[in-house]
Each structure stands twice: as structure tokens, then as C-alpha cells.
Peer 1: 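Pasting in a structure now, in C-alpha cells, and then I'll have a few things to ask.
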Amino acid sequence: MRPSWDEYFMEIAKLVASRSTCLRRQVGAIIVKDKHIIATGYNGAPSGLDHCADTGCLREKLAVPAGERHELCKGLHAEQNAIIQAAVHGVSVAEGALYTTTQPCVLCSKMLINARIKEIVFAGPYPDTLSLSLLKDAGIILRPWPKEEK
């Protein structure tokens with residue numbers, strides 16, 4: 001039996017997450033329009049900078065809980081990198097759908113709202129209720145991914 005488009009896209013987001021260089025959480029995101037993947041992103045250090053896998057994680061050293069003090073991380077989030085990848089290549093993400101392995105944080109949510117993403121499918125929770133509130137207020141369709149990991 002052939003997988004649904006949602007299953008297919010979520011599997012690709014998981015594969016993209018495997019490229020992450022973050023020591024705390026590997027996240028992958030893809031942006032899709034008209035059943036075509038137009039951008040991908042994973043979390044990690046900006047291009048050309050040392051990865052946390054090589055230098056260590058400041059947030060880990062300071063025992064910063066997930067969902068707090070994003071400014072202490074030198075890495076970019078998967079959603080940010082997907083939006084940036086599209087911008088670098090001159091591709092509009094407006095009216096696209098985001099598939100991500102983790103619920104977006106508030107910083108990414110604000111970017112996704114302004115990028116005019118219309119739908120977000122996310123596989124795992126993130127401790128950030130403000131992000132969900134903003135996305136709902138913006139009218140973005142939110143679909144938690146119901147499939148359990150095998």
C-alpha cells in the first residue's frame with residue numbers, strides 16, 4: 001500500500017532531521033507547495049561556523065530548559081533554515097505547508113506567520129504554548145502528527 005502524502009512528507013522531514021548537528025534535539029522541516037518540496041531545513045550552526053558537536057552546547061552547559069533562552073543557542077532552527085533556503089533560491093513559501101518533526105517555537109512561529117505558511121504538520125511537542133496561540137490566532141491550520149514512532 002502506498003503511503004499518504006502526509007506520511008511521505010513526514011518521513012522526508014525525519015530524514016532531513018538526521019542532518020542536524022544539534023546535540024540536544026534533531027529537527028527536520030520541509031516546506032511543500034502543490035505536493036512539491038520547495039525547501040528543507042534542519043537545526044544547526046550557520047554555514048561556515050563550528051558545529052556544537054565540535055564545540056559543545058552552551059545551553060547544555062548552562063542547564064537551560066527546552067523552550068527557553070533561544071538567544072543562547074548559536075544554531076538556527078529547522079524552520080528558519082527552510083525559510084532561508086527558499087529565500088536564497090528565490091522561491092516563495094507563501095501558501096505552503098510546513099512538515100516538521102517538532103512543534104515550532106515562538107520565534108519560528110512568528111517567521112512562519114509572516115512567511116504566509118498556511119498549514120503546519122508537526123510530529124512532536126515543544127514546551128511553548130505561546131507559539132501555538134500565535135499560530136491559531138493567525139489562522140494557520142495546525143495538525144499534530146498522530147503516528148507513533150516504530
Side-chain angles (χ1 to χ4, degrees), residues 1-49 51-54 57 59-60 64-68 70 73-150:
M1 186 169 143
R2 218 176 148 167
S4 70
W5 284 108
D6 283 343
E7 290 169 326
Y8 176 71
F9 291 136
M10 192 55 75
E11 284 302 314
I12 292 172
K14 289 177 191 174
L15 182 61
V16 170
S18 72
R19 297 273 300 142
S20 171
T21 59
C22 180
L23 298 174
R24 293 182 84 175
R25 181 189 307 254
Q26 291 191 312
V27 180
I30 65 171
I31 300 174
V32 175
K33 283 175 78 169
D34 300 321
K35 297 182 183 166
H36 294 278
I37 298 167
I38 61 169
T40 65
Y42 54 87
N43 57 327
S47 297
L49 299 184
H51 297 285
C52 297
D54 300 322
C57 174
R59 290 169 54 84
E60 199 64 33
V64 176
E68 297 178 16
H70 296 286
C73 178
K74 75 176 182 178
L76 291 155
H77 288 188
E79 303 91 333
Q80 294 168 335
N81 272 326
I83 293 168
I84 292 165
Q85 182 188 65
V88 165
H89 295 287
V91 178
S92 173
V93 299
E95 303 303 312
L98 176 86
Y99 288 78
T100 181
T101 59
T102 304
Q103 170 199 317
C105 72
V106 70
L107 299 175
C108 291
S109 293
K110 291 186 278 186
M111 291 178 173
L112 294 164
I113 291 166
N114 276 3
R116 295 192 291 157
I117 293 294
K118 67 177 181 179
E119 180 177 21
I120 299 172
V121 181
F122 61 94
Y126 191 71
D128 192 335
T129 54
L130 180 57
S131 69
L132 292 177
S133 176
L134 290 175
L135 292 167
K136 287 177 184 173
D137 288 348
I140 293 176
I141 298 165
L142 297 173
R143 290 196 295 129
W145 185 242
K147 298 281 184 175
E148 290 185 23
E149 293 298 316
K150 295 178 183 175

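Sequence positions, counted from 1, serve as the residue numbers for this chain. In what follows, every heavy atom counts, from backbone to side chain, and hydrogens, waters and symmetry copies are set aside.
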Peer 1: Is a side-chain N or O of S133 found less than 3.5 angstrom from the main chain of T129, in a donor-acceptor match?
Peer 2: no
Peer 1: Evaluate side chain to side chain contact (heavy atoms under 4.5 Å, CB included) for I38 paired with V32, printing each intermediate quantity in order.
Peer 2: CA-CA 6 Å; I38 61 169; V32 175; over 6 Å; no
Peer 1: Search all heavy atoms of P3 against all heavy atoms of Y8 and return the closest pair with its distance.
Peer 2: CB-N, 4.5 Å
Peer 1: Tell me the closest heavy-atom pair linking A82 and A29, and the distance in Å.
Peer 2: CB-O, 4.4 Å
Peer 1: Give, for atom CD1 of I83 and atom NE2 of H77, the distance between the pair rounded to the nearest 0.5 Å.
Peer 2: 12.0 Å
Peer 1: Can you list the steps and then say if Y42 with Q26 is a side chain to side chain contact (heavy atoms under 4.5 Å, CB included)?
Peer 2: CA-CA 7 Å; Y42 54 87; Q26 291 191 312; over 6 Å; no
Peer 1: Nearest 0.5 Å, please: how far is CZ in R24 from SG in C52?
Peer 2: 10.5 Å
Peer 1: Using modelled atom types and a 3.5 Å cut-off, is there a donor and acceptor pairing between side-chain atoms of Q85 and backbone atoms of T40?
Peer 2: yes
Peer 1: Do the side-chain N and O atoms of S131 and Q103 include a donor-acceptor pair separated by under 3.5 angstrom?
Peer 2: yes
Peer 1: Please name the pair of heavy atoms, one in R59 and one in P65, separated by the smallest distance, quoted to 0.1 Å.
Peer 2: NH2-O, 3.3 Å
Peer 1: Could you go through the side chain to side chain contact (heavy atoms under 4.5 Å, CB included) check for K110 and V106 one step at a time?
Peer 2: CA-CA 6 Å; K110 291 186 278 186; V106 70; 4.3 Å; yes
Peer 1: How many angstroms lie between CD1 in I117 and CD1 in I141, if you round to the nearest 0.5 Å?
Peer 2: 12.0 Å
Peer 1: In this structure, are over 12 heavy atoms from other groups packed under 6.0 Å from R19 atom CZ?
Peer 2: no
Peer 1: In Å, rounded to the nearest 0.5 Å, how long is the span from OG1 of T101 to CG of N43?
Peer 2: 7.5 Å
Peer 1: Between V27, I120, L132, which is the residue that forms a side-chain contact (heavy atoms from CB on, under 4.5 Å) with P104?
Peer 2: I120
Peer 1: For the residue pair V93 and R116, establish whether any side-chain heavy-atom pair is separated by less than 4.5 Å.
Peer 2: no
Peer 1: What I'd like to find out is whether the side chain of V121 reaches to under 4.5 Å of the side chain of T100, using heavy atoms alone.
Peer 2: no
Peer 1: Rounded at 0.5 Å granularity, tell me how far CG in L23 sits from CZ in R25.
Peer 2: 13.5 Å
Peer 1: Of all the heavy-atom pairs spanning M111 and Q80, show the shortest one and how long it is.
Peer 2: SD-CG, 3.4 Å
Peer 1: How long is the straight-line distance from OH of Y99 back to CH2 of W145, given to the nearest 0.5 Å?
Peer 2: 7.5 Å
Peer 1: Which heavy atom of S92 sits nearest to which heavy atom of K33, and what is that distance?
Peer 2: O-NZ, 3.3 Å
Peer 1: Salt-bridged, E119 to R143, with N to O below 4.0 Å?
Peer 2: yes
Peer 1: Any chance CG of D34 has more than 12 other-residue heavy atoms, nucleotides or ligands included, within less than 6.0 Å?
Peer 2: no
Peer 1: Between I30 and F9, is a side chain to side chain contact (heavy atoms under 4.5 Å, CB included) present by the stated rule, with each step listed?
Peer 2: CA-CA 8 Å; I30 65 171; F9 291 136; 3.7 Å; yes
Peer 1: Determine whether K118 and I140 make a side-chain contact, defined as any pair of heavy atoms from C-beta on separated by less than 4.5 Å.
Peer 2: no
